[in-house]
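Notes follow once the structure below has been shown.
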Amino acid sequence: MPSSTPPPELRKPQSAISPSTSDASTHLTPSSDSSGSDGDDDDGLPTIRGEGAYEMRPLRRSEYKHEDEEEDRRQSISSSVQSYELYTPDEDREVLKKLDRRLVGFMALLYCLSFLDRSNIGNARIAGLTDDLSLSSRQYEWLLWAFYITYIAFEWMTLMYRMVPPHIYISICILSWGIIASLQSLATSFSYLLVCRALLGIGEAAFGPGVPFYLSFFFRRRELAFRTGLFISASPLSSSFAGALAWLITKVGQNSPFSPWRLLFLIEGFPSVLVAVWAWDFVPDGPGAIKWLSPRQRKVAVLRLRQEKEAEEEDQIREKHGPTSEKRGINFREVLQTFVDPKCYLTAFMFLSCNVAFSSMPVFLPTIIHDMGYSALTSQALSAPPYLFAFVVVLTTAYFSDRWQSRSFFIILHSILASLGYLTIAVSGYFRSSHTLIRYFALYPANAGFFSAITIIITWTINNQESDSKKGTGMAILNIIGQMGPLVGTSIFPKEDGPWYVRGMSICAGFMLLVGLLAVVLRVVLKAQNRRIREGKGGGGGEYAGVPLEEGGMVKGERKAFEFMT
């Protein structure tokens, strides 16, 4: 057989992947026999003798050699790698189920508390806050801006998830915002409340924006949208809960010596202080350090991520995800590469556009419904159903986004639906329509639209970064630019524009439409880049013959090509 001809397909011996061979794996090696005859080995498998022939021998460190031209052989080797890693689909599902139930569920609870403390100022406003402190419309806007100014200024703290053990970092964040949120109940002046809102922004900026990045330590790329959806869905859920709770507290507060808005801040803020103690022991630092998994399940939690870490050496993976030696820090070269990547800025401006609506609706919805002609108590209650609807839609969207491995389609869809919802309210207001129900029900697609779009935008940003340092930097860019949106959103519903709020609704409609247009542009860019990647991998045919290959068919020492998710 001439040496330029690729070796024939050889079947991997069962012994090479059995548990007893531990680190040994199969490697194709030039045969030392040059007799030029074909024959059978002792194990009964056919071998080829002659110059340039190949035979099977076990090696350590799981290296495989196969043809780059044939995709079916690539899949066969990949399947062998998975078998060698020695965990079953049932074990994978069990670990994933526990991660969803406990880790994602706990992060959703934390975000629920965080979002509740951030947005309950809207409920406090119609519960007597502005009257008791004699706040003007402009001062109320400054209370909203103070939160987002510090929130933006401290977005860089997302990178702290790579520098401080998460169980310590997250616990400190929860404790800080819980104390500050509770102290709002003692406010006696505008300046005191302004300082509290600014400090609250710092505490929440340190936590919330980095949680999807933190979840990427535990979940595969294709699993992340649904888990981010579970996390983000806590915001509409907490908003619906806040509406019902605000109604109850307002009802009770009317007959108590304390103002209803003071009770609101205290009752909704203090639970975070208690949860911070729980978080210290519960939150894991990495897949290999999860206390509530068995030793075997911790091993599976690490192994199931190995496909996502092909570019790293095996010992680096162990160091990074092991239970005792967690590697921390960031790669500043990758940070700089991410800062000059235009794709990051497209998602960031999509996030900015979404946040115009995301920041304004939760804090103004009770007022908007109140100005439709409902009482304060009824307005608190009617603000809950649109958020419950958004909760269901976010989870459904995230599930199908992962199942179909598509991001842009769902962003475009929800941007259109949200735009139509806002536009309906704006047009009804412009013509002074008496159909209040039309305006109210148009809030449903508007709410569900921006919550769902934000979920997928965050996931899309993480999906299209190759390393943890790039993911962390991408999330920081996303939030630093994206959180400029609330500076617009919190000022577009002044009391003077009530009860129709035509200007604010029109602005939200325009920004949500812009989200869809930017998603189309990014989809086109990513598809073009993927096409160039695939064309670059094609060709070359037999140039790899006789050259040792690693998993995935790459030349040894060369990184496997990274394809972007669209």
Could you give me the CA-CA distance, side-chain angles and deciding distance for E223 and R304, then say whether salt bridge (charged side-chain N to carboxylate O under 4.0 Å, His left out) is met?
CA-CA 12 Å; E223 300 167 343; R304 66 190 299 276; 2.6 Å; yes

From the list I368, L382, I425, side chain to side chain contact (heavy atoms under 4.5 Å, CB included) partner of Y440 resolves to L382

So which of V520, L514, L522 actually passes side chain to side chain contact (heavy atoms under 4.5 Å, CB included) with L518?
L514

What about the rings of [X] and [Y], do their centers lie closer together than 6.0 Å?
X	Y	answer
F106	F282	yes
F207	W177	yes
F493	Y140	no

Check whether more than 12 heavy atoms from other residues, nucleotides or ligands sit under 6.0 Å from atom [atom1] of [X], and answer yes or no.
X	atom1	answer
Y192	OH	yes
K495	NZ	no
R403	CZ	no

Donor-acceptor pair between S408 and R523 side chains, under 3.5 angstrom
yes

May I ask you to decide if [Y]'s main-chain N or O and [X]'s side chain share a donor-acceptor pair within less than 3.5 Å?
X	Y	value
W500	D497	no
S114	L110	no
R262	S185	yes
T130	L135	no
T455	G229	no
N530	F564	yes
N123	A246	no
Q184	A181	yes
S401	T397	no
Y151	A198	no

Considering only heavy atoms from C-beta outward, does the side chain of [X] approach that of [Y] to under 4.5 Å?
X	Y	result
K343	T347	no
I507	Y422	no
I458	F351	yes
Q483	P486	yes
L365	Y387	yes
S415	F450	no
V104	L99	no
F339	Y345	yes

ring-ring contact (aromatic ring centres under 6.0 Å, His included) partner of H167, chosen from W280, Y161, Y214, W278:
W280

For L487, what residues pass the side-chain contact (heavy atoms from CB on, under 4.5 Å) criterion, not counting sequence neighbours?
W145, Y148, I149, I152, M484

I would like to know whether L423 and M505 meet side chain to side chain contact (heavy atoms under 4.5 Å, CB included); could you show each step before the answer?
CA-CA 7 Å; L423 190 61; M505 296 298 176; over 6 Å; no

Straight-line distance of [X] [atom1] to [Y] [atom2], nearest 0.5 Å:
X	Y	atom1	atom2	result
C508	M512	SG	CE	9.0 Å
T490	W142	OG1	CH2	10.0 Å
L103	W292	CG	CH2	5.0 Å
T228	F213	OG1	CZ	13.0 Å
I232	F115	CD1	CZ	9.5 Å
L186	L193	CG	CG	11.0 Å

As a quick check of understanding, evaluate side chain to side chain contact (heavy atoms under 4.5 Å, CB included) for K471 and E466, giving each step before the final call.
CA-CA 7 Å; K471 288 174 186 176; E466 302 170 68; over 6 Å; no

Pair H370, T378 - check side chain to side chain contact (heavy atoms under 4.5 Å, CB included), show working.
CA-CA 8 Å; H370 180 57; T378 305; over 6 Å; no

What are the two closest heavy atoms between [X] and [Y], and how far apart are they?
X	Y	value
S272	L113	OG-CB, 3.6 Å
L352	I481	CD1-O, 3.3 Å
E155	P209	OE1-CG, 3.1 Å
S233	V394	CB-CG1, 3.9 Å
A108	A234	O-CB, 3.1 Å
N464	M565	OD1-N, 2.8 Å

Would you please test I180 and R197 for side chain to side chain contact (heavy atoms under 4.5 Å, CB included) and show each step?
CA-CA 8 Å; I180 295 165; R197 292 288 298 178; over 6 Å; no

Taking the basic N atoms (NZ, or NE/NH1/NH2) and the acidic carboxylate oxygens, is any pair closer than 4.0 Å for D92 and R220?
yes

Does the distance from a Lys or Arg side-chain N to an Asp or Glu carboxylate O, for D402 and R222, drop under 4.0 Å?
no

Establish, for the pair R118 and F147, whether the NZ or CZ atom is under 6.0 angstrom from the six-membered ring centre and no further than 45 degrees off its axis.
no

Could you check S433 against R439 for side-chain hydrogen bond (donor to acceptor under 3.5 Å, both in side chains), going step by step and ending with a plain yes or no?
CA-CA 9 Å; S433 172; R439 294 164 61 201; over 6 Å; no

Anything under 30° is parallel, anything over 60° is perpendicular, the rest tilted; go ahead and classify F400 against W404.
tilted

Give me the ring orientation class for F231 and Y111: parallel if the planes are under 30° apart, tilted from 30 to 60°, perpendicular past 60°.
tilted

